[in-house]
S.K.: 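Below is a structure I'd like to ask you about.
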Protein chains: 2
Amino acid sequence: MIEKKKNISMAVIKRLPKYHRYLQELINNDVDRISSKELSEKIGFTASQIRQDLNCFGDFGQQGYGYNVKDLYNEIGVILGLDKRYNTVIIGAGNIGQAIANYTKFDKVGFELTGIFDANPKMLGIKIRDVAIRDIDDLPKFLEENKIDIAIICVPRISAQRVCDEVLRGGIKAIWNFAPVDLDVPEDVTVENVHLSESLYTLVYQLNDK
Amino acid sequence: MIEKKKNISMAVIKRLPKYHRYLQELINNDVDRISSKELSEKIGFTASQIRQDLNCFGDFGQQGYGYNVKDLYNEIGVILGLDKRYNTVIIGAGNIGQAIANYTKFDKVGFELTGIFDANPKMLGIKIRDVAIRDIDDLPKFLEENKIDIAIICVPRISAQRVCDEVLRGGIKAIWNFAPVDLDVPEDVTVENVHLSESLYTLVYQLNDK
DNA sequence: TAGATTGTTAATCGATTAACAATC
DNA sequence: TAGATTGTTAATCGATTAACAATC
C-alpha cells in the first residue's frame, strides 16, 4: 500500500508524470530493472533526486538491485491516480476545445469525454467523436445529472471566470484551464493551467537570451 | 536601456509573462500607476518578490510612487522580446497543429505563421488561414529559403525527434514542442515543452489528494 | 560473502521573504 | 517636509545534492 510520507512539494508532483513516461518507455523496450543512476542518465534528474522523490511515497527499490520497472510504473500510476477513470466535460468548442476533444489518447488512459458545450448556436449538435456539442445553458442541468470529475475550460478569456463559477456550482473540484486567466476558486478546488502564451513568451525570452 | 543584472533564474523568467498579462489588464482598466503591494494583491506573488524580480532587469519603479503601468508593461515586453516579430512554422497539421494555426492571437502579437507541414498526402494544399499545408519533405528547402525563428512541433511522439533533427539542420534555435517527448538538442537551442498529459496528470494527482 | 544500490541524513545551494535605508 | 514605496541587503525557508550506513 502506498503511504504518503508527509506533504509532498509541488516540485516533486510535477516530476511524477515524467517518471511515468520514461518508465512506460522502458517497458516498451523490455527493460525489467533500472537503478536510480541509469534512470538519472536517461531522464536528466540526479540519481539522488530520483531516490528522494520516490521515497516520498514508499520504498519501491531494493538495495543492490534497483527498481523493478513494471512495478514502479504501476506504483507511480496509482500515486497519480491513473488507475481510476474520470468523466470530463469540455466547455468551449473552439480550436483548443476541439483539439482536446479529438485527442484520443486521453480516452485510452481513463479520461472519458462526457460532454462538450459551446455558446455558439451554430455549433450545437455537431458531433466530435460521437459527442454532440450542447448549449452552454444546459451545463448546470448536465452537471446535476452526471457525475463529472474534471471540467476543461477552453472558452475565451472574457467568459472563463463565468464558466468557472458555473462548474463550481455544479460541484466540480478539478479544472483544466486553457483560458489565459488565473481563475478564482475556493481552496478545495484544483486548477491546472495551460497558458500557451506564457509558454511561447518564455521560449522567446530564451531565444533572445542565447 | 534594459541592462540584465546577471544570470536570471528560470523561476523569474517564468513569472515575466504573468506580469505582462496583469499589466495589460491594468492598462485596459485605465490604471496609470501601481505599487508592488497593490500588484501583489492582484497577482498573488509577494510584494517583495515582485520588486526582486523587476530589479533583475532595471530600476523601473520610483520610491514613494510605485511603477508606471504603461512603462512597466512596455519594459517587460522588451525584456521578453515581444517588440520583435518572429516567423514560425508548424510541423504536424493534426488536432494540436491546426488549433495553434487557427489561434489568431499569436499573429497579433508578432508571431507570423509562415508555413505548415504534414506527412499525410491527403492534407497537402489544404489551407489554414491562407497558409497551405506543405509536404514535410519540402521542409529542408523551405527552411533554407526562409528565415524561420521558431518551429512548432505538433507531430506524433514517434516522429518528433526526427522532425526536431530536421529543423535543427535548418538552423532553427527555438522549438515549441507539443509532442510528449523530451527532445535532444544542442546547448544553443531552446526547447519549450507543452506536455498536455503531464499537465492533466498533475491535475488528477491534486484532485485525489484533496 | 562481496558488490551494488537503496533509503535517509546532513550539507549545500538557490529562491523567497523580511527588513530597512535610500529617495522620490 | 512627511509619507510612501522603492531598491537592496540580510535572514529564512525549501529544494537539491552529497555522503554513507543499511541491506539486498
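Lettering of chains follows the sequences in order, A, B, ..., and the numbering in each one begins at 1.
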S.K.: Using the six-membered ring of A:Phe45, assess whether NZ or CZ of A:Arg15 lies under 6.0 Å from its centre and within 45 degrees of the ring axis.
M.R.: yes

S.K.: Given C:dT17, D:dT5, C:dT8, identify the nucleotide with an atom nearest to the side chain of B:Thr46.
M.R.: C:dT17

S.K.: Below 4.0 angstrom from OP1 or OP2 of D:dT6, is there any side-chain N or O of B:Arg51?
M.R.: yes

S.K.: In whole Å, I'd like the distance from the CG atom of B:Leu72 to the P atom of D:dT5.
M.R.: 16 Å

S.K.: Is any side-chain N or O of B:Ser48 closer than 4.0 Å to OP1 or OP2 of C:dA18?
M.R.: no

S.K.: Would you kindly give the CZ-to-P distance between B:Phe60 and D:dT5, to the nearest whole Å?
M.R.: 20 Å

S.K.: Measure the shortest side-chain to side-chain distance between A:Ile175 and A:Leu168 over non-hydrogen atoms and say whether it is less than 4.5 angstrom.
M.R.: yes

S.K.: Using a cut-off of strictly less than 4.0 Å, decide whether B:Tyr67 has a side-chain nitrogen or oxygen near OP1 or OP2 of D:dG7.
M.R.: yes

S.K.: Whole-Å distance between C:dA15 P and B:Ile13 CD1?
M.R.: 10 Å

S.K.: Would you say B:Arg15 places a side-chain N or O within less than 4.0 Å of OP1 or OP2 belonging to C:dA15?
M.R.: no

S.K.: So for B:Gln52 and D:dT9, does any side-chain atom that can act as donor or acceptor lie under 3.5 Å from a complementary atom in the base?
M.R.: yes

S.K.: Is it true that A:Trp176 and A:Phe106 have ring centroids separated by less than 6.0 Å?
M.R.: yes

S.K.: Which one, D:dT16, C:dT5, D:dT5, comes nearest to the side chain of B:Gln63?
M.R.: D:dT5

S.K.: Whole Å only: how far is the CG atom of A:Leu39 from the C1' atom of C:dT5?
M.R.: 14 Å

S.K.: In this structure, is the centre-to-centre distance between the rings of A:Tyr19 and A:Tyr73 below 6.0 Å?
M.R.: no

S.K.: Nearest-nucleotide wise, let me know which of A:Phe45 and B:Ser35 is further upstream toward the 5' end of DNA chain D.
M.R.: B:Ser35

S.K.: Ignoring backbone atoms, establish whether A:Gln49 has a side-chain N or O less than 4.0 Å from OP1 or OP2 of D:dT16.
M.R.: yes

S.K.: Rounded to the nearest angstrom, tell me the gap between atom CD1 in A:Ile50 and atom P in C:dT5.
M.R.: 13 Å

S.K.: Kindly indicate whether a cation-pi arrangement holds for A:Arg33 with A:Tyr67, taking the cut-offs as under 6.0 Å to the six-membered ring centre and within 45° of the axis.
M.R.: no

S.K.: Using whole Å, what does the distance between atom C1' of nucleotide C:dT5 and atom CD of A:Glu41 come to?
M.R.: 14 Å

S.K.: Between P on C:dA15 and CG on B:Asn7, what's the gap in Å once rounded to a whole number?
M.R.: 11 Å

S.K.: For D:dG3, give the paired nucleotide (Watson-Crick: N1-N3 plus N6-O4 or O6-N4; G-U: N1-O2 and O6-N3; both under 3.5 Å), or none.
M.R.: C:dC24

S.K.: Would you say A:Ser36 reaches C:dT5's phosphate, i.e. side-chain N/O to OP1/OP2 under 4.0 Å?
M.R.: no

S.K.: With both distances under 3.5 angstrom, what nucleotide forms a Watson-Crick or G-U wobble pair with C:dG14?
M.R.: D:dC13

S.K.: Measure the distance from CG on B:Asp59 to C1' on C:dC24 and round it to the nearest whole Å.
M.R.: 13 Å

